[in-house]
Amino acid sequence: MPAPSSKLPQIPTGEAWLVYDGECPACRNFTSHVRLRKSVGEVHLVDAREGGPIVDEIQAAGFDLDKGMAFKIGGRLYHGADCLHVLALLSSDRGWFNRLNAALFRWPLVSRLAYPPLKAGRNLLLFVRGKRPINHPHN
């Protein structure tokens, strides 16, 4: 595998939103531990189950929040494996979690290969906890 560029791709900075499933313990843990570089700007954590304008925007763009978390920054939306990859590129180097996240998921291929098992784990956690999918009409 070729080494990733030390330079970040053209990912906009500024106010950002990370939309995740608040009923998923792994998703909550991830969002509470990921630290993005200060240059990213303010990051709003949004529980997809609570809805709101950003959730509506993501769904209107055709992204299914039951199939992956989403990240919006600089007017661009990233979903699922792409979201994980972008977050890894923007992660700070503070703490073991962020260093591990950046080391693993800075590679687009690794993000794409790892995301399905991560999503399956989320679905299993929700099932075991008796939680319905986000888009279920009677949450």
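The structure presented is a predicted model; accordingly, all values stated were derived computationally and were not measured.
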Mind checking the [atom1]-[atom2] spacing from [X] to [Y]? Nearest 0.5 Å is all I need.
| X | Y | atom1 | atom2 | answer |
| --- | --- | --- | --- | --- |
| Trp17 | Ile73 | CH2 | CD1 | 9.5 Å |
| Thr31 | Tyr20 | OG1 | OH | 4.5 Å |
| Arg132 | Glu23 | CZ | CD | 12.5 Å |
| Cys27 | Asp47 | SG | CG | 9.5 Å |
| Glu15 | His44 | CD | NE2 | 3.5 Å |
| Lys72 | Tyr78 | NZ | OH | 12.0 Å |

Report task. Take Asn101 and Leu84, measure what side-chain contact (heavy atoms from CB on, under 4.5 Å) needs, and give me the verdict at the end. Result -> CA-CA 9 Å; Asn101 181 54; Leu84 188 63; 4.2 Å; yes
Shortest non-hydrogen contact between [X] and [Y], atoms and distance:
| X | Y | answer |
| --- | --- | --- |
| Arg28 | Gly22 | NH1-O, 2.7 Å |
| Asp66 | Ile134 | OD1-N, 2.6 Å |
| His79 | Asp64 | NE2-O, 2.8 Å |
| Pro117 | Ala114 | CD-O, 3.0 Å |
| Leu65 | Ala70 | CD2-CB, 4.0 Å |
| Val110 | Leu104 | CG1-O, 3.2 Å |

Looking at [X] and [Y], would you say the former's side chain and the latter's main chain have a donor-acceptor pair under 3.5 Å?
| X | Y | value |
| --- | --- | --- |
| Asn98 | Ser91 | no |
| Arg106 | Leu89 | no |
| Asp21 | Arg49 | no |

Would you check if [X] and [Y] make a side-chain contact, meaning some heavy-atom pair closer than 4.5 Å?
| X | Y | result |
| --- | --- | --- |
| Cys83 | Leu18 | yes |
| Cys24 | Leu126 | yes |
| Leu36 | Phe71 | yes |
| Arg35 | Arg94 | no |
| Tyr115 | Met69 | yes |

**Report entry** Pairing residues for Phe30 by the ring pair (Phe, Tyr, Trp, His ring centres under 6.0 Å) criterion, not counting sequence neighbours
**Finding:** Phe97
Requested in this report: Sequence neighbours left out, what passes ring pair (Phe, Tyr, Trp, His ring centres under 6.0 Å) with Phe105? Give chain and number order.
Outcome: none
Query raised in the report: Are Leu125 and Leu118 connected, step by step, through hydrophobic side chains (Ile, Leu, Val, Met, Phe, Trp, Tyr) whose heavy atoms are closer than 4.5 Å?
Result: no
Query raised in the report: Considering residues, nucleotides and ligands other than Arg129, do more than 12 of their heavy atoms fall under 6.0 Å from its CZ?
Result: yes
